[in-house]
Amino acid sequence: MTQRQVTVEAEVGLHARPAATFVQTAAKAPLDITIAKGSGKPVNAKSILSVLSLDVRKGDIVVIAAEGDGADEILDRLAEIASAP
Amino acid sequence: MNGLTGTGVSPGVGFGPAFVLDWEPPVPEPGAGHGGDAEAERARAERALADVAADLEARGARAGGEAREILNAQALMALDPGLATGVAELIDAGASAARAVYEAFGAYRAMLAGAGGYLGARVADLDDIRDRAIAVLDGRPPPGPPSSRDALDGPPGPYVLVARDLAPADTAALSPDVVAAFVTEEGGPTSHTAILARALGVPAVVACPGAASIAAGTPLLVDGAAGTVRPAPPDADVAAALGAAAGREAALAAAIGPGATADGHPVPLLANIGGPDDVEAALAHGAEGVGLFRTEFLFLGRSAAPGEREQEEAYLAVLDAFPGGRVIVRALDAGADKPLAFLPPPRPEPNPALGERGLRLLRAHPEILETQLRALARAAARSRADLQVMAPMVATAEEAAWFAAACREAGLPSAGVMIEIPSAAVRAADLAAEAGFFSVGTNDLAQYTLAADRQVGALTGLQDPWQPALLDLVGLAVAGAAERGRPCGVCGEAAGDPALACVLVGIGVTSLSMAAPALPAVRAALARHSREECVLAAAAAVAAGSPDEARAAARANLPGLADLGL
């Protein structure tokens, strides 16, 4: 299992546009990807409703995880989206 | 019936008969099951959700702008894989497609509603998708508001759309020709109804108790700024309210095209932006270009400096919005109060406003400036916009020369400086010998001239942009620039005050850059006054002894402001 831990920097947190971009990007990858808030329960990163339900705010730390070929690449992309201001 | 009061979320006055949207969404009965073919039922549910998603996307594509983004996000919810799994499991357990959709949405709905705030406001979006999907499964698509007035009885003219709540899909396709105002019983300032009403320019009142019991056809006078709804108002009141609003709107709307005084002296009107996201508002308010593109958004909160390519794309996104227009980019403006995570931590500064910030910080870390300038040069080469670069926090001619040399090195011909420090204004002619143009940052110039910290609320009076000392320094900057034939613009809150904008033009300022929403009023104010009137207003303001006297003296010379309600 590969993972990335990043701090969310967007003013709106992982909601609205950042959440949509994050989920759309995750959905394109042929891997199972999860996201968790802090040490909370991981949820499907391809589900906008699950991601919104995490209620990730600016300054929260999220852990994004995936396994398999190309995991590093997609996790880097997702980490970048999640941490973009 | 007495007047109703809610929260005004989109300004303006609208009058028309109430069109009441009172569709009751279908609720599938608990325990409703399917005929036994779970696979076919699952396919039916999947198709209904896909249809709803496609319909939302199509409505978004037609409406464009902010509505498209909101509706695409809703479509993403309709296609949610977690939701699909929930629906399939319920159908496998025997539930009908409609009931399964209802219950599967319920789980997420409870989570969002429990969170309140922004997430709580998304419950309405979720309910709308659910109701649309169930209606599709029932074969009864939900009725929306009529998109043309022809479909309704009664007098011609737009109607006031009244509902318990409105879905983005309902409001996105409407225009001010059809709808005079929105009134909803529920919703709040961050609801999508509020956002779309502002985007459409339709007055709106939300969170208005009693709205849902308004009878269809009742004439309503809606004030979207005050948040009031008056049923069956006297004709005279309607005429007065509409007349006042129309006068102001017409005056603002009549002033279109490039900024200029009444006698045709051009004053380019530009927008201040903080990133590509602000471009849309700038264009919507008629900005002729960008007078201040703050680039901090690329750098702050980052553990590594942004690469040349990433910066290039971000700059290009803005440049491409203004083909043929001017875009003035300010080099990174960081300091001890806005530290950069990828640099060694700054030494503690007791007074960051007077510390190693702006150009001073860039000189200490030239590699950051070099990368930024190279990225800007590459973006400029790929664009049809006129890209200019300026340095923040310049105190001396030597600093201006250093910055101009760095820009030349990177292949950028036009290098300007911000005039924020009194020394730069006092010795403006020396700086103008080195820099291609000036842009006066009135907020910082006031802070440094009056020695009044911008962060200290008690000193707001000293921060007043009408301080005669500040006007004097703007005059010095303009004169120094003119000596070398250089343009001198103003970016800062002062430029967005319609009366002060006229004064600045009178002083000799050559362009004005401001927050986008301020552009129409400034454009209208300039169009109402000749350059001569601006010069007289400026002379009167500069001769005054205090900000209040300066304001009054200027206004006495600017008779057109009163006509505009400014």
Side-chain angles (χ1 to χ4, degrees), chain A residues 4-37 40-62 64 66 75-85, chain B residues 53 60 66 68-87 104-123 125-126 129-130 190 192 195 274-277 295-304 306-307 310 314 338 341:
Chain A
R4 297 286 184 277
Q5 181 175 323
V6 292
T7 305
V8 172
E9 299 288 357
E11 277 310 318
V12 296
L14 205 48
H15 291 135
R17 190 186 319 208
T21 310
F22 182 89
V23 168
Q24 280 165 330
T25 306
K28 286 191 198 116
L31 305 171
D32 286 342
I33 307 171
T34 62
I35 175 169
K37 181 160 84 169
K41 184 173 170 288
V43 301
N44 184 356
K46 302 181 182 191
S47 159
I48 183 78
L49 293 170
S50 301
V51 171
L52 287 180
S53 301
L54 292 176
D55 197 10
V56 176
R57 311 280 177 93
K58 181 180 178 177
D60 285 344
I61 290 172
V62 294
I64 314 162
L75 288 178
D76 283 343
R77 281 282 299 130
L78 292 172
E80 194 179 323
I81 293 167
S83 63
Chain B
E66 205 152 5
R68 169 152 63 189
E69 199 169 301
I70 290 169
L71 290 167
N72 282 351
Q74 264 196 313
L76 207 56
M77 291 184 187
L79 298 174
D80 192 285
L83 183 74
T85 308
V87 171
F105 270 98
Y108 290 103
R109 187 184 197 284
M111 255 189 286
L112 296 183
Y118 170 86
L119 281 184
R122 302 286 75 79
V123 168
D125 301 349
L126 200 58
I129 305 165
R130 177 196 65 194
T190 61
H192 282 149
I195 294 168
D277 289 353
T295 53
E296 289 73 61
F297 77 102
L298 281 165
F299 296 86
L300 295 178
R302 295 279 293 256
S303 52
E310 180 191 343
K338 292 186 272 185

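In the text below, chain A, chain B and the rest are named by the order of the sequence lines, each starting its count at 1. In this text, all values refer to a predicted model and were calculated from it rather than measured experimentally.
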Only distances under 3.5 Å count here; give the side-chain donor-acceptor pairs of residues 75-84 of chain B to other protein atoms, sequence neighbours excluded, each with its distance to 0.1 Å.
residue: B/D80; atom: OD1; partner: A/S47; partner atom: OG; Å: 2.7
residue: B/D80; atom: OD1; partner: B/G82; partner atom: N; Å: 2.8
residue: B/D80; atom: OD1; partner: B/L83; partner atom: N; Å: 3.2
residue: B/D80; atom: OD2; partner: A/S47; partner atom: OG; Å: 2.8
residue: B/D80; atom: OD2; partner: A/I48; partner atom: N; Å: 2.8
residue: B/D80; atom: OD2; partner: A/L49; partner atom: N; Å: 2.8

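To the nearest 0.5 Å, the span separating OG on A/S53 from CZ on B/R122 amounts to 13.0 Å.
Residues that satisfy the salt bridge (Lys or Arg N to Asp or Glu O under 4.0 Å) test with A/D32, not counting sequence neighbours, are absent from this structure. Partners of A/N44 by side chain to side chain donor-acceptor pair (under 3.5 Å), not counting sequence neighbours: none found.
Among the candidates A/L52, A/T7, A/V12, the residue making the largest number of heavy-atom pairs closer than 4.5 Å to chain B is A/L52.
By the 6.0 Å contact criterion, CZ on B/R302 is enclosed, its count of non-hydrogen atoms from other residues, nucleotides or ligands being greater than 12.
Heavy atoms of B/L300 lying under 4.5 Å from chain A belong exclusively to its backbone. In this structure, no portion of B/N72 lies under 4.5 Å from any heavy atom of chain A.
Proximity to chain B at a heavy-atom threshold of 4.5 Å picks out A/A20, A/V23, A/Q24 from residues 18-26 of chain A, in numerical order.
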